[in-house]
2 protein chains.
Amino acid sequence: MLDNLANINGLPQYIRIRESIRERILGGELVRGEKLPSEDELAMVYGVSRMTLRQSLADLIDEGLLYRKHGVGTFVALQQFARDHTVLRNFIETSKEEGLNVEEKLLDARLTSAKFQVARALNLEEGDKVVCLKTLRILEGNPITIHEAYFDHVKFSDFLEGNIEELSKDLLAYYESKGYKVKRGIQRLEARSIENDIAEILQIDESTPLLYKERTLYTAEGIPVEFLYCYNRGDLYSVTINLTT
Amino acid sequence: MLDNLANINGLPQYIRIRESIRERILGGELVRGEKLPSEDELAMVYGVSRMTLRQSLADLIDEGLLYRKHGVGTFVALQQFARDHTVLRNFIETSKEEGLNVEEKLLDARLTSAKFQVARALNLEEGDKVVCLKTLRILEGNPITIHEAYFDHVKFSDFLEGNIEELSKDLLAYYESKGYKVKRGIQRLEARSIENDIAEILQIDESTPLLYKERTLYTAEGIPVEFLYCYNRGDLYSVTINLTT
DNA sequence: GAGTGGTCTAGACCACCCG
DNA sequence: GGGTGGTCTAGACCACTCG
C-alpha cells in the first residue's frame, strides 16, 4: 500500500519492504533521529510476519541507515553513512555519476609471465601466463592514476582477442561474464616517492608524492581474480573508506 | 555435543552454534572448499530450528568464512578474509598482539577552540570548546605516527582532569565509558609532502612522503565522537583495507 | 526427481527500558 | 506494568542445481 518503485513483481517481500522504508527515509518522510513504528506495527502495516519485517530492517541497520535500542525502539540514524557497502565500484561510472569528465587511455595489454608477487596473489606458480593490462585514467584533463592489472590467462584466455578498449572499461563486468563475480577484496595503501617513468606518464615532478595501492580481488568462494598495482597522484587523489566495528 | 568454549551459559544458541562452526573451520576439521552438511541436517545436529541455524550461518557468510550456492550447498571459503569486520581497533593492543614493541608519547593535551573543519566534523559551531590530544606513536624505536585527535569538551569534560596518559591509551574505551560507543567511521587518505614541524617530530627528512589521514568516528546513532588528523611515515606505514561488494 | 538454499508464517517467551 | 526489541520454533512452499 505504501510502495511504488519498490513494488516490482517477483521480488521477495522483505526486499520490497526494505526499499519502501529506505525511500521513506531518503524522501524525508522519516526524519533523522525519528522513531519508527514498532516491529509488530510495521509487520501489520506491511502485512507480513514479524520475522520477515526484521529481515528488512536488518539490511538497513547494517548499512547504517537505522539503529536499534533494545527495549526502546528502532530509529533513523542521525548521520547517513554509505547507502550500501559498495566499496568496489567501477571508477569510470562512479566519476561520471559525480559529473566529472573522465577519460581512460590504454597504455599496454599483453601476455606475460607472473612474477613472484603476482603469482602469490593469484595463487599461481611463478612463470605462469597472466594478462597484464595497463591503463591511464585522466580526470578533468589531469592524468591521475596508472592502473596495472594482472589476471590469469587460463581463466580469461579470450581477453586479448576481444575488444580490449571496451572490455577494460569495466573489468568487473568482464570477470563476471566469465563466471568470476568479484565479491571481496583486500587492498593496501602506502605513500611513496615517485619514480622516473611514473612521473613522466603522470606529467608531474618528483617532489609530488604518490599514493600507491596494491589490491587483490576475490569471488565469494575466495578464488583470486585480479591483482592490481595502482599509482595515484597524491595531490589530486584521495581515498575515502567507511569503517565499522 | 560438539561445543566446548562456545558452550558458555547465557549466550544465545545461534552465537554458540556460530562459534562452534567457526572453531571447526579454523581448527581444520572443515577444510577450505569443503561442503557443510545441509541446513536441515545441521539444524537437527545442533537441536535447533532451521531459522536459528541460518542466523548462525549468516554471520559467518558475512565475514567471508562461508559462502552459499543456491540449490547446491554451503561451503567453506577458499580464502580466509577478516575474521570479523573490526576495522576499528586499538593501535597499541593490535601491535602488541603482533609482537611488536610499541610506545606512545603524549605530546600535547589541551582545551582549545574548534576551527572550521573540526567544528563541521563534530557537528559543533566554530569556536566551541574541544579537547585536543596529540600523541606520537613509536614502533620498534621508530617514531611512525602523529595523532591529533579532537573531541567535544561538553561530552567529555572530565578528560583533562583525569589521568591523561592512561586514558589516551584507549580512547575508544574512554568514549564508551561516557556513553558514546563508537560503531562507525569515515576516513580519508592522501599522500602528502612532509612539512617542517612534522619532519622534526618524526625524525625524517623532507623527501620522505607522508601518508596523511583524516577520520571521523560516530556512534551507531550517527553522533560524531572524534575527529582525527593522522600523519604517518610513508616508508614505514601502510594501511590494509578489506573491501566488499 | 531429489536435494539444497530462499523465503515466509503465526505464534511464543525473554530481556531491556521507561514512566 | 506495558511496550519494545532479542531469540526461537515447527512447520510450509518455492527456486535453483544436478544427475
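What you see is a predicted model; the values in this text were computed from it and never measured. Throughout, protein chains are lettered first and strands after them, A, B, ... in sequence-line order, and every chain is numbered starting at 1.
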Return the set of residues passing side chain to side chain contact (heavy atoms under 4.5 Å, CB included) with [X] (not counting sequence neighbours), or none when no residue passes.
| X | answer |
| --- | --- |
| B:I223 | A:L78, B:K155, B:Y180, B:T219, B:E221 |
| B:S177 | B:Y174 |
| B:M51 | A:M51, B:S49 |
| B:E148 | B:C132, B:K134, B:Y150, B:Y229, B:Y231 |

Checklist entry - Between D:dT4 and A:T74, is there an OP1 or OP2 to side-chain N/O distance shorter than 4.0 Å? => result no
Next on the checklist: Can you build the contact string for nucleotides 6-16 of chain D? Use B for base contact, S for sugar-phosphate-only contact, and - for no protein heavy atom under 4.0 Å.
Outcome noted: BBBBB-B--BB
Checklist entry - Given atom CG of A:L36 and atom C1' of D:dT4, what is their separation to the nearest angstrom? => result 13 Å
Item to check | Nearest-Å distance for atom pair OH/P, residues B:Y67 and C:dG5 | outcome: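 Atom-to-atom, B:Y67 to C:dG5, this comes out as 12 Å.
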Checklist entry - Considering residues at least two apart in sequence or located in another chain, which fulfil the salt bridge (charged side-chain N to carboxylate O under 4.0 Å, His left out) criterion with A:R120? => result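 With sequence neighbours excluded, A:R120 shows a salt bridge (charged side-chain N to carboxylate O under 4.0 Å, His left out) to no residue whatsoever.
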